[in-house]
Amino acid sequence: MTGHSWGYGKDDGPSAWHTHYPAAKGSRQSPIDIIPDEARRDSSLRPIFLGYDRCTSLNIANNGHSVVVEFDDSDDRSVIQGGPLEHPYRLKQFHFHWGGKGCEGSEHTVAGVGYASELHLVHWNGYKYKTFEEASTAPDGLAVLGIFLELGDDHRWLPMITDALYMVKFKGSAIDFKGFNPKCLLPSSLHYWTYLGSLTTPPLHESVIWIVLKEPIVVSDKQLGMFRMLQFNSEEENQRTRMENNFRPPQPLKDRIVRSSN
Ligand SMILES: CC#CCOc1ccc(CNS(N)(=O)=O)cc1
Ligand SMILES: [Zn+2]
């Protein structure tokens, strides 16, 4: 099922998505602006546990919206559990959102301030649902771990990703990408905010339990700049557009609260 084409441009960007994806105006849309002082500290929230050691990365691809690393999700070999989750959720893929030169690029903001980029690790509830597609429309179907990227020194392990980007420059390109463990992209603290939200890209399904880590990881401007050599377009298309500013702005919180781990 291929949905209507969408993007991040003036005519097909976030403000136009509602025309083909009505969920855009729903009651639990993402991202949001997280206001730490208004988050409810909840001692019943357990620590997050990331069981990625047996994870199996498959490929890295340019899907025309971001660069995505996909994993073998045929069993519970790599899962996120604990925190607000009642069951283990299987890692399916991770991808990034970033800005243009020097401007913001994260999707969630913290007290109105954005980061340069945001990493999303997408997991689905394989305990209750048979497939990612089925889980993606269920209110407790997905769990996305959001990690902020801020500019500073070079990240020691990010080159494992950025060195592969030139091979997936155009939309529709993909290469084998085995043996990558995303644990190397985690900050030292797993303290988090959590709230009920949605996919931040079409189809914008309201099926995501968001877990946003408080501590960003640090990458250099040069490393983040490598993402901007990617293109939104395929090699065949004449229109050459650099992949940048592929982030949705914060959406209304409406009748939701954000909870905070200790
Ligand atoms: C249904 C469906 C589908 C396609 O799968 C995805 C996977 C991830 C995303 C990205 N969503 S986000 N930015 O909230 O992690 C969107 C669609
Ligand atoms: Zn995302």
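Start at 1 and go down the list; that is how both ligands and their atoms are numbered.
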S.K.: Can K183 be said to sit on top of Y52's aromatic six-ring, NZ or CZ under 6.0 Å from centre and within 45° of the ring axis?
M.R.: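 Relative to the ring axis of Y52, which defines the angle, K183 lies outside at least one limit.
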S.K.: What atoms of ligand 1 come within less than 4.0 Å of a heavy atom belonging to Q93?
M.R.: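 Under 4.0 Å from Q93, ligand 1 has these atoms: 7 (C), 8 (C).
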S.K.: Of all the atoms in ligand 1, which lie at a distance below 4.0 Å from a heavy atom belonging to H120?
M.R.: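 Near H120, the atoms of ligand 1 are 13 (N), 15 (O).
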S.K.: Between ligand 1 and K92, can you find any atom pair, the residue atom being a heavy atom, that is separated by under 4.0 Å?
M.R.: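 Flag not set, K92 not near ligand 1.
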S.K.: Measuring from non-hydrogen atoms of F247 to any atom of ligand 1, is the shortest distance under 4.0 Å?
M.R.: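 It does not; every heavy atom stays at 4.0 Å or beyond.
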S.K.: So, does H97 sit close enough to ligand 1 that a heavy atom of it is under 4.0 Å from the ligand?
M.R.: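 H97: in contact with ligand 1 (<4.0 Å).
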S.K.: Counting only heavy atoms closer than 4.0 Å, does ligand 1 sit against the backbone of P203, its side chain, both, or neither?
M.R.: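 Side chain only.
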S.K.: State the atoms of ligand 1, each with its element, that fall below the 4.0 Å cut-off from a heavy-atom position in T201.
M.R.: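 With T201 as reference, the close atoms of ligand 1 come out as 9 (C), 10 (C), 11 (N), 16 (C).
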S.K.: Can you spot which of F232, F96, W6, W17 makes a ring pair (Phe, Tyr, Trp, His ring centres under 6.0 Å) with H65?
M.R.: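 Between H65 and the candidates, ring pair (Phe, Tyr, Trp, His ring centres under 6.0 Å) is satisfied uniquely by W6.
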S.K.: For ligand 1, is there an atom lying under 4.0 Å from some heavy atom of H205?
M.R.: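 Within the 4.0 Å threshold, so yes.
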S.K.: Counting only heavy atoms, tell me which of F96, F132, F94, W124 gets closest to atom 4 (C) of ligand 1.
M.R.: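 Looking at heavy atoms only, the winner is F132.
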S.K.: Do F49 and P88 have side-chain heavy atoms sitting under 4.5 Å apart?
M.R.: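 Side chain of F49 against side chain of P88, heavy atoms only: no contact under 4.5 Å found.
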S.K.: Where on H95 is there a heavy atom closer than 4.0 Å to ligand 1, on the side chain, on the backbone, on both, or on neither?
M.R.: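 Near ligand 1, H95 shows its side chain, while the N, CA, C and O stay back.
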S.K.: Closest to the Zn ion (ligand 2), which N/O/S atom of H120 is it?
M.R.: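 In H120, the N, O or S atom with the shortest distance to the Zn ion (ligand 2) is ND1.
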S.K.: Would you say R248 and T201 are linked by a side-chain donor-acceptor pair, where the criterion is simply a distance under 3.5 Å?
M.R.: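 No, because no side-chain N or O of T201 sits under 3.5 Å from a partner of the opposite role on R248.
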S.K.: For ligand 1, which atoms sit closer than 4.0 Å to a heavy atom of S136?
M.R.: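 Counting atoms of ligand 1 from 1, those under 4.0 Å from S136 are 1 (C).
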S.K.: In this structure, are over 12 heavy atoms from other groups packed under 6.0 Å from R256 atom CZ?
M.R.: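 Check passes, neighbour count above 12.
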S.K.: Would you say the side chains of Y129 and S136 form a donor-acceptor pair under 3.5 Å?
M.R.: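 S136 and Y129 do not have a side-chain donor-acceptor pair below 3.5 Å.
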S.K.: Ring centroid separation for F247 and H97, is it under 6.0 angstrom?
M.R.: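 No: the rings miss the under 6.0 Å criterion.
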S.K.: For atom CZ of R46, is the number of surrounding heavy atoms from other residues, nucleotides or ligands below 6.0 Å larger than 12?
M.R.: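 Yes, enclosed.
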S.K.: Taking non-hydrogen atoms only, is V122 closer than 4.0 angstrom to ligand 1 via side chain, backbone, both or neither?
M.R.: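 Side chain only.
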S.K.: Taking atom NZ as the centre, does K178 end up with more than 12 heavy-atom neighbours from other residues, nucleotides or ligands that are less than 6.0 angstrom away?
M.R.: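 Count over threshold, so yes.
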